[in-house]
Amino acid sequence: MINLYIALQNNVPVPKDIPLPLPMPEWFFVVVLVLSFLLHILFVNLMLGGSILALIAQIKGLKNKEYDILAHEIAKTITVNKSIAVVLGIAPLLSINVLYTIYFYSANALTGLMWIALIPLVTVAFLLTYLHKYTWESLENHKAVHISILALATVIFLFIPFIFLTNINLMLFPEKWALVKGFVDALFLPNVFPRYLHFILSSLAVTGLFIFWYNSRKSYPFEEIYEEFTRYDIQKKGYSLALTASLCQCMIGPLVLLTLASKGMGWNLILVIFSGVAFAVPAMWLIWKRLTGEKENIEKDFYKIAMLLGITVLCMGSGRQIYRANSLEKHRELVKIKTDEFKILKKKAIAKMKEVEAGAASADMSEAERGQKVFSQYCASCHKVDEKLVGPPVLEMAKIYKDNVTDLQKWIKNPGKKRPDYPQMPGFESQLDQQKLDQLAEYILTIK
C-alpha cells in the first residue's frame, strides 16, 4: 500500500485491470510470444535486409550488369519473405496483447496516428515491392524510375521498425505516459535508437547468411543466371556481410545494454545475454575461418554457424522478454493492489445496489403481493388455490369471507373445526402480527 501511495504521488498511472482467465498457463503464452516473435523477426530481417541489398546491388548494377542480376535474384525473395513475415506476425501480436494488454494498448493510444499509419505504410511498401519485382523487364530502359520504386519501399521498410520499437519501448515506461504527447516524444525515450541500429545490423547479418545459403543450393541454377560471378563470389559476399554486421552488433551491443533503464536489469538478463554472446563468438570465428580458407571448403560448417547464431538469437529474444518482465514487475504489482481494492469496492457497491433494489422492490409491492409471500411461508403446505390439499382450497375461503376481512382474520388467528372431513387447523395468532394478517387476508380475498 505504501508503494501504491508513492506511485500515485508521483503521477504514475496505476489502472485497475480485471483480466479474463487465460485458457492456458501464463508461461505457455510467454513461450509462444518468444518463439513466434523470433520466427516473425527472422523473415522481417530478410525482407528489410533483402530490400537494402537489392537496392545497393541495383545501383551498382548501373555499371556492372552482374550486380543488376544479383539485385533481381534478391528482389524475387523479398515479396515471399514479406508474406511469411506477415503471417508469422499474428501469433506474437496476439500473445503480447494477452500478456500485456494495458501496456500494449496504452502505448498504442499514446503514439496514436503513427501507430494507425502502420497499416497504410505497410500496404504501400508491399505494393511497391511487387511493382518493382514485376516491372523489371518493362522498366529496363528506365532504371532511375525502377530503382526509385525500390528506394521508396526500402525507406518505408526502414521507418516501420521505428514505430514498432517506439511502441514496444513505451510499454516499459508507465511512469512516462503522462509526459508523452505523441510519437516524437516516445521516440526519444531511452534505448530506441541503439535498439534500432542493432536491429538494422541484425537484418544485414541474417540476410548475409541467407544469401550464402540461397546461392549454395545444388538445385539453384547459378551458372545459368550469372555470367561473371562464380558461386564462390556470392557465397563470399554473403559471409562477409554476415561477419561484418555481426562484429558491428558486438560493438553496438554494449551501448544497447548501457541505455537500458536500470529497472529492467537483473542477473537473469545479464546471464542470458552473455550466454548469447558466448555462442556468437565461435560462429563468427568459423565464418572467418571459411572466408580465409580454401575456396572448396567455404560451405563447410555452415549449419554449425547457423545453429550457433540461432542459439544466440534465441538468447537475445529471451533476454528481451526477461527485460520486459523485470521492467513491468513492480508496476504490475501496483496494478494488482489497485485491482484488489477495486474488487472490494465493487463487491460492496453490488451488495448495496442489491439492498437498494430489494428495498425498492419491496416498496413497490402491493398488499396482495406481500400477502402472497406470507401465504407461501405459512399456508401453502396445507392449502392450494383451487384444489383440496390438507385443508380446503383458497377459492372457498375467498367465497365464504367475501368482503369480510375481520371474520377471516379471526378465523386465521383462532380457527375452529367446522368440517369433519378436514383436520383441525392450527391457530396463527402468535405467529402473524397485524400487518401480516392484513396482507394475508388481502391476498385471499383477491383470489377469484
Side-chain angles (χ1 to χ4, degrees), residues 30 33-34 37-38 40-42 44-46 48-49 52-53 107 158-173 175-176 185-210 238-289 291 304-330:
V30 171
L33 173 59
V34 172
F37 173 77
L38 291 179
H40 163 68
I41 207 68
L42 169 65
V44 170
N45 287 338
L46 292 175
L48 176 59
I52 295 171
L53 292 185
L158 285 167
F159 182 64
I160 289 171
F162 255 134
I163 301 175
F164 273 103
L165 279 173
T166 301
N167 258 42
I168 297 300
N169 194 58
L170 181 57
M171 283 175 52
L172 309 181
F173 296 96
E175 66 275 14
K176 302 286 187 181
D185 285 348
L187 189 63
F188 289 96
L189 289 175
N191 203 236
V192 175
F193 286 96
R195 279 180 65 182
Y196 177 77
L197 182 56
H198 200 266
F199 166 76
I200 298 300
L201 290 171
S202 69
S203 295
L204 294 174
V206 169
T207 306
L209 284 179
F210 175 75
Y239 260 170
S240 297
L241 176 62
L243 180 59
T244 303
S246 296
L247 288 171
C248 290
Q249 277 188 294
C250 288
M251 289 187 285
I252 199 71
L255 177 61
V256 175
L257 198 59
L258 289 172
T259 54
L260 288 172
S262 59
K263 65 175 185 172
M265 299 300 289
W267 287 111
N268 53 352
L269 177 64
I270 300 298
L271 177 63
V272 169
I273 288 177
F274 280 95
S275 296
V277 174
F279 284 100
V281 171
M284 290 187 288
W285 178 79
L286 285 173
I287 294 175
W288 172 253
K289 186 178 177 182
L291 283 171
K304 287 183 183 178
I305 294 166
M307 183 181 69
L308 289 168
L309 290 178
I311 296 173
T312 298
V313 170
L314 180 60
C315 289
M316 296 307 171
S318 301
R320 183 191 302 269
Q321 173 59 29
I322 290 170
Y323 181 76
R324 183 184 297 121
N326 289 349
S327 296
L328 296 176
E329 181 182 7
K330 297 298 181 183

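This chain uses plain numbering: 1 for the first residue, then up along the sequence.
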| task | Compare all side-chain heavy atoms of L260 with those of L257 and state whether any distance is below 4.5 angstrom. | result | yes

| task | Check whether any side-chain heavy atom of I200 sits under 4.5 Å from a side-chain heavy atom of L48, and report yes or no. | result | yes

| request: Give the minimum heavy-atom separation between Y196 and P161, together with the two atoms involved. | output: CE1-CB, 4.0 Å

| message | Is there a side-chain contact between L197 and L255 in this structure, where contact means two heavy atoms from C-beta onward sitting under 4.5 Å apart? | response | no

| note | Tightest non-hydrogen contact, residues G49 and T207, listed as CA-OG1, 3.2 Å

| query | Does any N or O in the side chain of T166 come within less than 3.5 Å of the main-chain N or O of A186, such that one atom is a donor and the other an acceptor? | reply | no

| field | L241 and L53, any side-chain heavy atoms less than 4.5 Å apart | value | yes

| message | Between R324 and L33, is the side chain to side chain contact (heavy atoms under 4.5 Å, CB included) condition met? List the steps. | response | CA-CA 12 Å; R324 183 184 297 121; L33 173 59; 3.8 Å; yes

| note | Rounded to the nearest 0.5 angstrom, the CD1-CG distance for I41 and L46 is 10.5 Å

| query | Can any side-chain N or O of S202 pair as donor or acceptor with the backbone N or O of F199 at less than 3.5 Å? | reply | yes

| Nearest heavy atoms of A205 and A245, plus distance in Å | N-CB, 3.6 Å

| message | Quick check: closest heavy atoms across V272 and C315, and the distance to 0.1 Å? | response | CG1-O, 2.9 Å

| request: Might you point out which heavy atoms bring L172 and L328 nearest each other, and give the distance in Å? | output: CA-CD2, 3.9 Å

| message | Any side-chain to backbone donor/acceptor pair from K176 onto D185? Under 3.5 Å, distance only. | response | no

| query | Quick one: CD1 on I273 to OG on S318, what's the gap to the nearest 0.5 Å? | reply | 11.0 Å

| task | Look at atom CZ of F279 and say whether more than 12 heavy atoms of other residues, nucleotides or ligands are closer to it than 6.0 Å. | result | no

| said: Would V206 and V313 count as a side chain to side chain contact (heavy atoms under 4.5 Å, CB included) here? Give the steps. | reply: CA-CA 10 Å; V206 169; V313 170; 5.7 Å; no

| Roughly how far apart are L243 CG and W285 CH2, rounded to 0.5 Å? | 13.0 Å

| Parallel, tilted or perpendicular, as decided by the 30° and 60° cut-offs, for the rings of F193 and F188 | tilted

| task | Might you point out which heavy atoms bring P190 and N169 nearest each other, and give the distance in Å? | result | O-ND2, 3.0 Å

| Is the backbone of A261 close enough, under 3.5 Å, to the side chain of N191 for a donor and an acceptor to pair up by distance? | no

| said: Rounded at 0.5 Å granularity, tell me how far CZ in R195 sits from CZ in R320. | reply: 4.5 Å

| query | Do M265 and N326 come close enough that some side-chain heavy atom pair is under 4.5 Å? | reply | no

| M316 side chain reached by V256 side chain, heavy atoms, under 4.5 Å | no

| request: State the CD1-CG distance between I287 and L209, to the nearest 0.5 angstrom. | output: 5.5 Å

| field | Interatomic distance, F37 atom CZ to Q321 atom CD [nearest 0.5 angstrom] | value | 10.5 Å

